[in-house]
Amino acid sequence: MIIHKSETLMHAPAFGWDHGKGDTYMDRKERIEVILDALQQNDLDELLVPPREFDMQPIRDVHSPDLVNFIRSSEELEPDQAVYPYVFPYRKDICSPRTNLHEAVYYCFDVGTVMHRGTFPAAKAAVDTALEGATRIREEKQGWAFALCRPPGHHSDRDFYGGLCFFNNAAIAARYLSAQGRTAILDLDFHHGNGTQGIFYYDPEVLYVSIHGDTRRHFPFMTGHPDEIGAGPGEGLTYNLPLPADVDFDRYRSYLDRAFKRIHAFSPQYLVVSMGFDAFYTEILGDAVFQTRDYTLLARELRALDYPLLICLEGGYDLDALGTNVVHFVSGVLE
Ligand SMILES: [Zn+2]
């Protein structure tokens, strides 16, 4: 099943901020609209189900109370108001935020992630879609669920947000599932999921495996290296596989095989996939060169792993390609 909640479209900043100039916000609500259109045109919309409303506890199990309160406070913004971070945290113990929305950047790590009045309901709805999927594969032993999460989540850590992300949907779902059994996260967005890695870095119950553009060249730049392997009780449970430039799906397969091997060795009860569509050849935020048909092949391989599978939407910003690529991915899941 595919899980969707219309409130995910409420996050709609008027413009973004890119290298010193105003630009179209990357995570546009049209991303979800083109996916829904494409599903409908291919008679896949019968797979759509709405999530139930979950309480805030699963979010609090992953994120700090300060971050949750801060994101929630965006509801108090005026309709024409938005928060554009422009100051970064002063890294000293003596620094503590006297929180109001204009001091946003204490909790944010970039200038490109914009918060406005619709942000909290959308971020909460994104979490609800992920948790609905987690509940379905847990309680009803469904083989798979695909949560149309928006805004995405994998760049948000326990106590900060950024990279177009607010609440970490996949991490919240994984934490929720891990109460029932060992859970692995496979992050296939083109970018490293620094937030998910950070949340589970010391955690012995959740394995985090990521294949991503080399962060010496790509966002988020400061994490995602092979020598980051987890620490303390989580040592050995973080596995980073950076990609060479211009990788196609044939070459990507060898990275997938290594990721699958690591996941099998962990023998999880559940698998959560952070699924980005930004490795596509037209995507401007990455340099991989996936073709549309590759998403069917990729989905087939994920299903063949034979774990209960929760797929959470992360990136993918080319509105001319995203709907078609998601349809090809779903058709592979259904085979
Ligand atoms: Zn991405």
Side-chain angles (χ1 to χ4, degrees), residues 8 11 13 16-19 23-32 34-35 108-114 122-123 126 130 146-157 160-171 185-199 208-225 240-249 252 255-256 259 272-290 294-295 298 302 311-323 325-326 329:
T8 58
H11 175 63
W17 191 246
D18 182 29
H19 293 83
D23 204 349
T24 309
Y25 192 67
M26 286 298 293
D27 178 26
R28 295 168 64 185
K29 66 180 172 58
E30 287 83 356
R31 294 178 60 230
I32 296 294
V34 298
I35 291 172
C108 190
F109 72 90
D110 67 15
V111 295
T113 308
V114 182
F146 184 5
L148 297 182
C149 301
R150 179 187 175 271
H154 73 150
H155 293 304
S156 284
D157 207 321
F160 59 82
Y161 71 95
L164 308 171
C165 302
F166 295 90
F167 297 137
N168 192 323
N169 312 303
I185 301 172
L186 175 60
D187 194 328
L188 300 180
D189 187 271
F190 180 78
H191 303 97
H192 183 242
N194 58 297
T196 313
Q197 171 174 300
I199 286 164
Y208 179 68
V209 178
S210 177
I211 304 172
H212 50 265
D214 194 323
T215 48
R216 288 174 297 184
R217 298 191 309 276
H218 296 287
F219 188 88
F221 302 109
M222 285 172 265
T223 58
H225 307 105
N240 284 316
L241 294 161
L243 295 165
D246 306 319
V247 75
D248 63 12
F249 189 67
Y252 191 87
Y255 292 82
L256 269 182
V272 177
V273 175
S274 266
M275 186 61 212
F277 290 82
D278 46 4
F280 195 60
Y281 76 99
T282 60
E283 290 279 344
I284 57 170
L285 292 182
D287 63 6
V289 290
F290 278 31
D294 297 332
Y295 289 101
L298 173 58
L302 294 173
I311 301 142
C312 294
L313 180 65
E314 299 284 356
Y317 304 99
D318 180 351
L319 296 177
D320 294 328
L322 182 59
N325 288 343
V326 168
F329 181 80

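Start at 1 and go down the list; that is how both ligands and their atoms are numbered.
Counting heavy atoms of neighbouring residues, nucleotides and ligands inside a 6.0 Å radius, atom OH of Y281 does not exceed 12 of them.
Using a 30° and 60° split on the angle between ring planes, F280 and Y295 fall in the tilted class, from 30° to 60°.
Because the distance cut-off is set at 2.8 Å, D278 qualifies as a neighbour of the Zn ion (ligand 1) through one of its N, O or S atoms. Taking 2.8 Å as the criterion, H154 does not count as a coordinating residue of the Zn ion (ligand 1), since none of its N, O or S atoms falls below it.
Among the heteroatoms counted here (N, O or S) of H191, ND1 is the one nearest to the Zn ion (ligand 1). Here the N, O or S atom of D189 that is nearest to the Zn ion (ligand 1) is OD1.
Side-chain contact of T223 with H192: a donor-acceptor pair under 3.5 Å is present, judged by distance alone. Residues Y208 and D187 have side chains that bring a donor and an acceptor to within less than 3.5 angstrom of each other.
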